[in-house]
Amino acid sequence: MLDKKYNHLDVEKDRYENWKEKGYFTCGDVSKKPYAIVIPPPNVTGKLHIGHALDTALQDIIIRFKRMQGFDCLWLPGTDHAAIATEAKVVARLKENKINKYELGREGFLKECFKWSDEHKNFIHEQWAKLGLSVDLTKERFTLDEGLSEAVKYVFVNLYEKGLIYRGEKIINWDPVAKTALSNEEVIYKDIEGAFYHLKYFIEGSNKYLEVATTRPETLFGDTAVAVNPNDERYKDLVGKNVILPIVGKSIPIILDEHADPTFGTGVVKITPAHDPNDFEVGERHNLPRIKVINEDGTMNELALHYQGMSRFEARDALVKELEEKDLLIKVEKITHSVGHSERTNAIVEPYLSKQWFVNMESLSKRVLENQKNKDTKVNFIPPRFEKIMNNWMSDCHDWCISRQLWWGHRIPAWYKNDEVYVGMNPPEGEGWVQDEDVLDTWFSSALWPFSTMGWPNKTDLYERYFPTDTLVTGYDIIFFWVCRMTFQSLEFTNKRPFKNCLIHGLIRDKLGRKMSKSLGNGVDPMDMIQEYGADALRYYLTTTSAPGMDIRFDEEKLRATWNFINKLWNASRFVLMNIDGVKEINLDNLNDSDKWLLTRLNYTIRDVTKYMEKFEFNNVNSYLYSFIWNDFCDNYIEMAKFSSNEEGTKSTLLYALTAILKMLHPFMPYVTDLLYNELPIKDENIMISDYPKMNKKLIFKDSEEKVNEIIEFIKNYRNTLKENNITSKYQVKINFDEKLIIKMLKLDEKIIDEDLKITSFKVATKRYEAIIYFEKEITDEDLLSQKKKIEELKNSIKKRVALLSNEAFTSKAPKELVEKEKNKLQEEKEQLEKMSV
RNA sequence: GGGCGAUUAGCUCAGUUGGUUAGAGUACUUGCCUUACAAGCAAGGUGUCAUAGGUUCGAGUCCUAUAUCGCCCACCA
């Protein structure tokens, strides 16, 4: 027998191990149709956050639903080595022990990284288990696995051979803390306080000067020109002259370039090709030298003269002071401007001239855009609006910088000997070749995830059977980090989309709508919530609380309400189990009206729930399931069933309905439904491999549905009348019907009389049931008023409906069913009014 | 500057291809320990659907503006 109260800790204990041992998570039944999802691999950096809980719960719901529908389901799990993120963490851990990565050397450092990633993989496994995720652990992959590394190399070499990967010297985003290049997507722009420094650049051979405004005076050592706009009349006569670089004393030309905006500041721009992407382009156009004045670690180099060795920021302060002393500073204007920060180290990113590897995005992105036009082969975003994000990014993307000056990652398969470059799967033969020191951007390997995890480029059984995958689930924040890149790599290398559907969910915010972040300390640990409310409640709450793609404000009150819902399910199950003694088979041949009513409602629910499960609209699934379970099943049916619990039909209906309820809830709350299902007298081996309920048209009973609906309505009206008129114990009732259910539910037995009494009376009436309640009491004005009000309301409604139905525009243009429905309603209302007017 | 989303009950959110009296949870009021559940039951009140126009027999839903809030991208010498 079940405990009186639902205890999630007891329920969820040890259950996962059992599923795993039985092999329920393992795919491979070739007699069934395949259905595949690959998990977005979490980084091996830390613990899973609440967003992971949402993302993985959604996938588990889909997989469990499809599994019960009879698909052979592969949910492929894995983890991401997360190049820079992990490397930063390991460096930090080593630092605690006062160890520097360079002292350790590449090999030693990688050993530390593997140690770290193994630890975190274990941690992630534990959390997946707590969440109840039915991932196929026999197929687990890691982005640095041998197979995946082969795929990465293959793709690199192939793109290189096609000319889509090249090595070039460009301005890239440099992280001076991690000392590596970053892609544009790894740079986060934040508004910070800064200043415009207005400097004097004296015109050569003159005592006049140009006023040059800059936010980064320390880069002036790298200036190789100043530019003005060709249409700027103010500086027309200066063309061809030179200015003297302050402090340095060097002469640099005044050039004409569109880049200078005459309406911005003084209209004069200093050009530092080695330290600014726009200036770099200006430099290209005018053939200017590129002078680097900053080192990899963000300190100034020898070209910065006496500022050598200072950090960028120290040098700025000191330089400004010197400029001021030498009367070369005109003014300092405080401004707020957005400055790029490294996503991982939070260091201010330095635009930096350096030799890196790039992917040419032109043809790859074009192919994605083309493919999205074909509705049979496109990636279907759910909700559809997110397709625009991918398309926008794909129609305006720059070449992708893929080399990283890190150790943790896939080493670039390029070797150099003097000026020769060799790119290949294996090291070149012969002496003197040195492999590129750099590794690839972590997203380069994640981009291959849906097929590299299945053994590609080998034609494995796994790949042949499950690729392209069916559905990818992820947050909108990584559409261009990841979804876009998977799509173009997949189209390029497999000629197929990586997944048919891409289900996009929102971000989880705190109660006030703020992003969860470490600095605010407003994060919610899913493991804490599981401890407090159970994984079942957390999963159900997170996945059903909002419409697809919308952000969620995390609200513990709602999570608690979900726990209450499970407690309700628990107790309803107790009731059923207490009342189905001796049932050996489900027999639905002899049913009473309330049984038929419940089965009818159940079948509608199965139909609606299935429809919305297929569409991934879990909030709608909830609204149908919740109201069916709580209102129809518990509040109405169980109460009615108490009067017929000895009947075979009712016992069977209770069991049949509970079985279907548990199955429909199972994808969301696997633990509690597994336990409750096991208590049932008639069951399959396990709920997670049982059949999903199907609508059965034979179990739709329209007449009983209508009748019991009216009974419920009558009961409600009756109780309302008692309550409103404060009728407590002593009253008598005259009725026009012999409906046992109403009599029992309202406990009318001892109150029924046959004759009319000449005392206060209230009438309760629906279409076919009518009761007059006699009550010893003076009718107060208030009573009269409330009765009058009801009649008024009814009259108004009738008036409105009559007007509507006499509107010819409506009757001729509206659908016939609707007009018919309105007519029926009008008829009903008229009848009711007649009955109410005593 | 370009794009996206939101605005509905005190709060948090749903609202299907337009269908005529707009829903849920929570909070609130009242009465109940009715042997599944008081973390419950019964009954109840709650709305200028951001604003202004328009289309339509009919608009929370479609169209056009506007306002406020949030997010993304680009630019920021």
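Labels below follow one simple rule: chain letters A, B, ... track the order of the sequence lines, proteins then strands, and each chain is numbered from 1. All values reported here derive from a predicted model rather than from experimental measurement.
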Side chain of A:Asp635 - closest among B:rC41, B:rC37, B:rG40
B:rC41

The nucleotide from B:rG5, B:rU26, B:rG3 with an atom nearest the side chain of A:Asn392 is B:rG3

Compute the centroid of each ring, for A:Tyr201 and then for A:Tyr209, and state whether the two points are separated by less than 6.0 Å.
no

For atom CZ of A:Phe481 and atom P of B:rC72, their distance in whole Å:
11 Å

Check the side chains of A:Lys270 and A:Thr219 for a donor-acceptor pair under 3.5 angstrom, ignoring hydrogens and angles.
yes

Where the side chain of A:Asn571 is defined as all heavy atoms beyond and including C-beta, which of B:rC41, B:rA36, B:rA6 is the nearest nucleotide?
B:rA36

Rounded to whole angstroms, how far apart are NE2 on A:His337 and P on B:rA77?
8 Å

Taking only the side-chain heavy atoms of A:Phe575 (C-beta and beyond), determine which of B:rA36, B:rC57, B:rG70 contains the nearest atom.
B:rA36

Under 3.5 Å, is there a donor-acceptor pair between the A:Tyr540 and A:Asn622 side chains?
yes

Heavy-atom donor-acceptor pair, A:Arg574 side-chain to B:rU35 base, under 3.5 Å:
no

For B:rG19, does OP1 or OP2 lie under 4.0 Å from any side-chain N or O of A:Lys813?
no

Nearest-Å distance once atom P is located in both B:rA42 and B:rG47
24 Å

Quick check on the 6.0 Å ring-centre criterion: do A:Trp563 and A:Tyr541 meet it?
no

Atom-pair distance (CD1 on A:Ile188; C1' on B:rC72), nearest Å
11 Å

Sugar-phosphate, base or nothing in reach of A:Lys800, heavy atoms under 4.0 Å:
sugar-phosphate

Check every atom of B:rC71, B:rG15, B:rU21 against the side chain of A:Asn620 and return the nucleotide holding the closest atom.
B:rG15

Given the C1' atoms of B:rA27 and B:rG44, what is the spacing between them in whole Å?
14 Å

Please work out if A:Tyr189 contacts a base, only the sugar-phosphate, or nothing of the nucleic acid, heavy-atom cut-off 4.0 Å.
base

Look at the rings of A:Phe668 and A:Phe618 and say which category their plane angle falls in: under 30° parallel, 30 to 60° tilted, over 60° perpendicular.
perpendicular

Taking only the C1' atom of each, what is the distance from B:rU17 to B:rC76 in whole angstrom?
46 Å

With a distance cut-off below 6.0 Å to the six-membered ring centre and an angular limit of 45° from the axis, does A:Arg485 pair with A:Trp393 as a cation-pi contact?
no

Within this structure, what is the CG-to-P distance between A:Asp3 and B:rA39, rounded to whole angstrom?
17 Å

Looking only at side-chain atoms of A:Asp555, point me to the closest of B:rA39, B:rU12, B:rC75.
B:rU12

Can you tell me the distance, in whole Å, between the NZ atom of A:Lys821 and the P atom of B:rC57?
21 Å

For A:Met640 and B:rA36, give me the distance from atom CE to atom P, rounded to whole Å.
16 Å

A:Asp279 CG to B:rC75 C1', straight-line distance once rounded to whole Å:
14 Å

Would you say a side-chain N or O of A:Arg560 is under 4.0 Å from OP1 or OP2 of B:rA39?
no

Pair A:Phe575 + A:Tyr637: ring centers closer than 6.0 Å
no

Over 60° means perpendicular and under 30° means parallel, so tell me whether A:Trp482 and A:Trp443 are parallel, tilted or perpendicular.
tilted

So what does A:Phe480 hit on the nucleic acid, given a heavy-atom distance under 4.0 Å: a base, only sugar-phosphate, or nothing?
sugar-phosphate

Would you mind classifying the nucleic acid contact of A:Tyr624 as base, sugar-phosphate or nothing, using non-hydrogen atoms under 4.0 angstrom?
base

Any protein N or O atoms within reach of nucleotides 43-48 of chain B? Criterion: under 3.5 Å, listing atom names and distances.
{"from": "B:rG44", "atom 1": "OP1", "to": "A:Asn720", "atom 2": "ND2", "distance (Å)": "3.4"}

Say whether A:Thr544 and A:Asn619, considering side chains only, have a donor N or O and an acceptor N or O under 3.5 Å apart.
no

Look at the side chain of A:Glu617 against the base of B:rA14 and say whether a donor-acceptor pair falls under 3.5 Å; ignore hydrogens and angles.
no

Report yes or no: do A:Glu808 and A:Thr811 form a side-chain donor-acceptor pair below 3.5 Å?
no

Under 4.0 angstrom, heavy atoms only, what part of the nucleic acid is A:Leu2 near: base, sugar-phosphate, or nothing?
nothing

In Watson-Crick or G-U wobble terms, both distances under 3.5 Å, what is the partner of B:rA50?
B:rU66

Have A:Glu333 and A:His198 got a donor and an acceptor in their side chains that come within less than 3.5 Å?
yes

Has A:Asp536 got a side-chain atom pairing as donor or acceptor with A:Val672's backbone, closer than 3.5 angstrom?
yes

Using only heavy-atom distances, decide whether a donor-acceptor pair under 3.5 angstrom links the side-chain of A:Lys388 to the base of B:rC4.
no

Regarding A:Ala572, tell me which of base, sugar-phosphate or nothing describes its non-hydrogen contacts under 4.0 Å with the strands shown.
base

With no angle test and no hydrogens, is the base of B:rU26 tied to the side chain of A:Lys558 by a donor-acceptor pair under 3.5 Å?
no

For a quick test of reading the model: is some side-chain N or O of A:Arg385 closer than 4.0 Å to OP1 or OP2 of B:rC4?
no

A:Phe264 on top of B:rA77's base, within under 5.5 Å and under 30°?
yes

Taking any heavy-atom pair under 4.0 Å as a contact, classify A:Ser812: base, sugar-phosphate, or nothing.
nothing

When the P atoms of B:rC11 and B:rC72 are compared, how many Å lie between them, rounded to an integer?
26 Å

Using the P atom as the point on both nucleotides, what is the distance between B:rC13 and B:rA52, in whole Å?
25 Å

What contact category does A:Thr811 fall into here, base, sugar-phosphate, or nothing, at under 4.0 angstrom with non-hydrogen atoms?
nothing

Using a heavy-atom cut-off of under 4.0 Å over every strand shown, decide if A:Glu817 touches base, sugar-phosphate, or nothing.
nothing

Hey, does A:Lys825 reach any base, or is it just sugar-phosphate, or nothing, if we go heavy atoms under 4.0 Å?
nothing

So A:Trp563, base contact, sugar-phosphate only, or nothing? Heavy-atom distance under 4.0 Å.
base

Out of B:rC76, B:rG15, B:rC41, whichever nucleotide has its closest atom nearest the side chain of A:Ala547
B:rG15

Can you tell which of B:rA77, B:rC57, B:rG25 lies closest to the side chain of A:Ala561?
B:rG25

Which nucleotide in B:rG40, B:rU12, B:rC57 has an atom nearest any side-chain atom of A:Arg553:
B:rU12

Can you tell me the base-pairing partner of B:rC75? Count Watson-Crick or G-U wobble geometry only, both distances below 3.5 Å, and say none if there is no partner.
none

Please report the distance, rounded to the nearest Å, between CG in A:Leu577 and C1' in B:rA36.
10 Å

Which nucleotide in B:rC4, B:rA14, B:rC72 has an atom nearest any side-chain atom of A:Ser546
B:rA14

For B:rU8 and B:rA50, measure between their P atoms and round to the nearest Å.
6 Å

Would you indicate what A:Asn619 reaches in the nucleic acid, counting non-hydrogen atoms under 4.0 angstrom: base, sugar-phosphate, or nothing?
sugar-phosphate

Using a heavy-atom cut-off of 4.0 Å across all strands, would you classify A:Lys4 as base, sugar-phosphate, or nothing?
sugar-phosphate

Indicate, with a heavy-atom threshold strictly under 4.0 Å, whether A:Arg801 touches base, sugar-phosphate, or nothing.
base

B:rG40 pairs with which nucleotide, Watson-Crick or G-U wobble, both distances below 3.5 Å?
B:rC32

